[in-house]
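So the structure is just underneath, and the comments pick up after that.
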Amino acid sequence: MARNTVNSLLKMKAEGKRISQITCYDYTTARVVDASGIDTILVGDSLGMVMQGYENTLPVTMEEMIVYGRSVV
């Protein structure tokens, strides 16, 4: 399956197509999501609570976001 780009997502939107998205934070889950045909993967700062056990997202650093983003890619 080809990767979506900003332009392909804009085209989908212009055509009125629904765009699916799911959140994941690791390589294994990203592989499953990629194989499922979901259009986009979100790696958000909620990883602080989901993966690291923080009380909220405030302690999440840019360096942590980069590590998790790299894991998903």
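Because only heavy atoms are used, hydrogens play no part in the values below, and waters and symmetry mates are left out as well, while side chains stay in.
A search for side chain to side chain donor-acceptor pair (under 3.5 Å) contacts involving Thr40 returns Gln21, not counting sequence neighbours. With sequence neighbours excluded, the residues forming a side chain to side chain donor-acceptor pair (under 3.5 Å) with Lys17 are Glu15, listed by chain and number.
Val32 and Met51 are members of different hydrophobic clusters when ILVMFWY side chains are connected at heavy-atom separations under 4.5 Å. Tracing side-chain contacts under 4.5 Å through hydrophobic residues (I, L, V, M, F, W, Y), one never reaches Ile19 starting from Val33; they form parts of separate clusters.
Judged purely by atom type and a 3.5 angstrom limit, Thr57 has no side-chain atom pairing as donor or acceptor with the backbone of Ser46. Side chain of Asn4 to main chain of Leu9: no donor-acceptor pair is present (N/O by atom type, distance under 3.5 Å, no hydrogens or angles).
Note that CZ of Arg3 and CG of Asp34 are 6.5 Å apart. Values are rounded to the nearest 0.5 Å. The CE atom of Met62 sits 9.5 Å away from the CG atom of Asp45 when rounded to the nearest 0.5 Å. Distance check, rounded to the nearest 0.5 Å: OG1 of Thr29 to CD1 of Ile41 gives 9.0 Å.
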Listing, residues 65-73 side-chain donor-acceptor contacts under 3.5 Å, not counting sequence neighbours, or none:
| from | atom 1 | to | atom 2 | distance (Å) |
| --- | --- | --- | --- | --- |
| Ser71 | OG | Val67 | O | 3.0 |

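For Ser20 against Gly37, the heavy-atom pair with the smallest separation is OG-O, 4.4 Å. Taking all atoms of both residues into account, the shortest heavy-atom contact from Met49 to Glu55 is SD-O, 3.7 Å. Nearest heavy atoms, Gly48 versus Val60: CA-CG2, 3.5 Å. For Glu64 against Gln52, the heavy-atom pair with the smallest separation is OE2-NE2, 3.2 Å.
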